[in-house]
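Heads up, the thing below is written out as structure tokens.
All residue numbers refer to positions in the sequence shown, counting from 1. Note that this is a predicted model, so its numbers are computed, not measured. In listed order, ligands and their atoms are each counted from 1.
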Amino acid sequence: MIYLIGFMGSGKSTVAEQLSERLGLPFIEMDAEIEKQQNMKISDIFAKHGEAYFRAQETSFLRTLEDESIVSTGGGVIVTPENHRLLNEGTVVYLKASWETIVERLQGDTERPLWQGELEDKKSRFVERLPVYESLADHIVEVDEKHPKEIVEEIFRCLNH
Ligand code: S3P
């Protein structure tokens with residue numbers, strides 16, 4: 001299993017989809033799968049059941065994965081310690097975006113429940129998570145100012161070494 005991890009807005013879904021084509025492996029978007037299972041949008045899951053419930057869905061979902069695939073995770077998949085073990089059973093690629101890139105890309109986003117409120121709080125979450133992404137990663141790919149194609153090729157090279 002190849003897991004793409006990284007903060008919201010780091011490009012996990014776009015890159016995972018293109019990487020899956022490059023490698024000829026299925027593409028799995030965790031958030032979309034959880035939305036299907038729950039028949040609700042992520043923002044509604046958070047509003048109705050809360051974050052802890054959503055985190056539990058992420059863990060259950062990771063446990064069901066079997067066939068080698070490219071998995072685009074949600075940015076907070078690393079919040080749950082149990083998930084660390086599950087992720088590290090596969091290969092973990094961290095798409096590392098700078099704070100400036102994230103802010104630029106997510107400006108005006110009203111869909112993501114954990115990208116609401118004060119910028120300072122969002123930054124604290126980013127700063128807190130950074131070392132966790134890094135410690136879980138088998139490969140770290142910097143994504144600032146790169147085209148998805150370039151990122152895919154970089155990951156492709158990492159995986160083949
Ligand atoms: C979250 C990131 C989201 C989604 C949920 C929580 C997070 O996924 O799983 O809103 O805690 O960072 P993306 O990283 O695809 O935005």
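The atoms of ligand 1 that sit less than 4.0 Å from any heavy atom of Leu114 are 11 (O). The ligand atoms of ligand 1 that sit less than 4.0 angstrom from a heavy atom of Asp31 are 3 (C), 4 (C), 8 (O), 9 (O), 13 (P), 15 (O). Close approach to Met8 involves these atoms of ligand 1, each under 4.0 Å from a residue heavy atom: 2 (C), 12 (O), 14 (O), 16 (O). If you number the atoms of ligand 1 from 1 as listed, the ones under 4.0 Å from a heavy atom of Pro113 come out as 10 (O). Every atom of ligand 1 is numbered from 1 in the order shown, and the set under 4.0 Å from a heavy atom of Arg112 is 16 (O). Atoms of ligand 1 lying under 4.0 Å from at least one heavy atom of Ile42, given by number and element, are 5 (C), 10 (O).
Salt-bridge formation is not detected for the pair Glu120/Lys123: no Lys NZ or Arg NE/NH1/NH2 atom is positioned less than 4.0 Å from an Asp or Glu carboxylate oxygen. Ion pairing of Asp109 with Arg112 is present here, as a side-chain N (NZ or NE/NH1/NH2) and a carboxylate O approach within less than 4.0 Å. Ion pair Lys149/Glu153 not flagged as a salt bridge, since none of the NZ, NE, NH1 or NH2 atoms sits closer than 4.0 Å to an Asp/Glu carboxylate oxygen.
The OG1 atom of Thr91 sits 10.0 Å away from the CE atom of Met1 when rounded to the nearest 0.5 Å. Here Glu154 contributes atom CD and Glu142 contributes atom CD; the two are 8.5 Å apart, rounded to the nearest 0.5 Å.
Side-chain N or O atoms of Asn88 include one that pairs as donor or acceptor with a backbone N or O of Leu136 at under 3.5 Å.
The protein non-hydrogen atom at the shortest distance from atom 12 (O) of ligand 1 is Arg129 NH1, 2.7 Å. The nearest protein atom to atom 7 (C) of ligand 1, hydrogens excluded, is given as Gly76 N, 3.2 Å; this is a heavy-atom distance. Considering only non-hydrogen protein atoms, atom 2 (C) of ligand 1 sits nearest to Gly75 N, 3.4 Å.
Using a 4.0 Å cut-off between heavy atoms, Lys12 contacts ligand 1 through its side chain alone, with no backbone atom that close.
For ligand 1, the polar-atom distance check against Gly9 finds no nitrogen or oxygen pair separated by under 3.5 Å. Residue Ser13 has no nitrogen or oxygen atom sitting less than 3.5 Å from a nitrogen or oxygen atom of ligand 1, judged on distance alone. Every N/O-N/O distance between Glu29 and ligand 1 stays at or above 3.5 Å.
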Exercise answer: donor-acceptor pairs, residues 74-82 side-chain atoms, under 3.5 Å, sequence neighbours excluded:
unit_1	atom_1	unit_2	atom_2	d
Glu82	OE2	Arg63	NH2	3.2
Glu82	OE2	Arg85	NH2	3.0

For residues 23-33, tabulate all N or O donor-acceptor pairs below 3.5 Å that involve a side-chain atom, not counting sequence neighbours.
unit_1	atom_1	unit_2	atom_2	d
Glu29	OE1	Ser13	OG	2.5
Glu33	OE2	Lys36	NZ	3.3

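Side chain to side chain, Gln57 and Gln38 meet the donor-acceptor criterion of an N or O pair below 3.5 Å. For the 3.5 Å distance criterion, the side chains of Asp144 and Ser98 qualify, holding a donor opposite an acceptor.
Considering only non-hydrogen atoms, atom 11 (O) of ligand 1 lies nearest to Arg55 out of Glu51, Arg125, Glu58, Arg55.
Using a 4.0 Å heavy-atom cutoff, Phe54 is listed among the residues neighbouring ligand 1. Ligand 1 has no atom lying under 4.0 Å from any heavy atom of Glu111.
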